[in-house]
Amino acid sequence: MKRSLPPTNVEFVTDLMQFSAHGALIQVFVLQALDVYSQRVAASTPEALDTALVSGHAWHGCALEVRAKLAQRLGEESTGSPGSASEDSSASSAS
């Protein structure tokens with residue numbers, strides 16, 4: 001008997017975004033989660049984020065990339081200081 005492979009991360013997130021019991025509201029939830037977490041990581045110093053598994057500079061860079069892409073998605077000029085887009089993105093996402 002052949003075991004099926006677990007879904008990739010992309011497949012998992014796609015399934016979550018498309019087939020939630022909460023409908024399209026899950027999409028706002030996921031974007032808000034990205035906003036909040038990337039905000040926290042961007043506010044940290046890269047050195048504080050270093051682990052044995054991941055470079056703090058790389059993790060911090062991921063947060064900055066997510067912040068920039070969310071700002072672009074929401075039509076904001078830039079993310080400004082960490083946290084400046086969170087209230088705007090929450091309001092924009094919910095409308």
Side-chain angles (χ1 to χ4, degrees):
M1 183 188 277
K2 214 175 190 185
R3 283 176 53 171
S4 62
L5 295 174
T8 65
N9 290 336
V10 171
E11 291 167 337
F12 175 78
V13 172
T14 299
D15 183 69
L16 180 65
M17 296 284 276
Q18 292 181 340
F19 304 107
S20 170
H22 299 283
L25 183 61
I26 194 73
Q27 295 179 12
V28 177
F29 184 93
V30 170
L31 291 175
Q32 179 68 24
L34 285 169
D35 182 46
V36 170
Y37 185 68
S38 65
Q39 196 177 144
R40 287 183 187 164
V41 173
S44 298
T45 63
E47 295 76 22
L49 300 168
D50 273 333
T51 69
L53 186 61
V54 178
S55 156
H57 286 279
W59 202 247
H60 190 261
C62 288
L64 296 178
E65 180 178 349
V66 168
R67 305 279 308 136
K69 288 183 178 184
L70 281 172
Q72 182 180 17
R73 172 95 176 139
L74 298 171
E76 298 168 1
E77 293 274 327
S78 75
T79 57
S81 62
S84 65
S86 89
E87 285 119 21
D88 294 337
S89 66
S90 300
S92 298
S93 297
S95 53

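Fair warning: this is a prediction, and the values are worked out from it, not measured in the lab. For reference, positions follow the sequence shown, starting with 1.
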For [X] versus [Y], what's the shortest heavy-atom pair and its separation?
X	Y	result
His60	Leu49	CB-CD1, 3.9 Å
His57	Glu47	NE2-OE2, 3.4 Å
Leu64	Ala42	CD2-CB, 3.9 Å
Gly56	Asp50	N-OD1, 2.5 Å

For this session: Please check if Phe12 and Val30 belong to a single hydrophobic cluster, counting links between Ile, Leu, Val, Met, Phe, Trp and Tyr side chain heavy atoms closer than 4.5 Å.
Result: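 Looking at the clustering, Val30 is in the same group as Phe12.
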Exercise. Is it true that Val41 and Leu34 fall in one hydrophobic cluster, defined by side-chain heavy atoms closer than 4.5 Å?
Worked result: no
Problem set entry | Test item: Ser20 side-chain N/O and Met17 main-chain N/O as donor-acceptor pair under 3.5 Å | no
Exercise. Roughly how far apart are Glu65 CD and Leu70 CG, rounded to 0.5 Å?
Worked result: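 Here the rounded value is 10.5 Å.
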Problem set entry | side-chain hydrogen bond (donor to acceptor under 3.5 Å, both in side chains) partners for Gln72, two or more places apart |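 With neighbours one apart ignored, the set is empty.
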Exercise. Quick one: hydrophobic cluster around Phe19, which other residues, with the 4.5 Å side-chain cut-off, linked directly or via members?
Worked result: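 Grouped by the 4.5 Å side-chain rule, Phe19 forms a cluster of one, so the answer is none.
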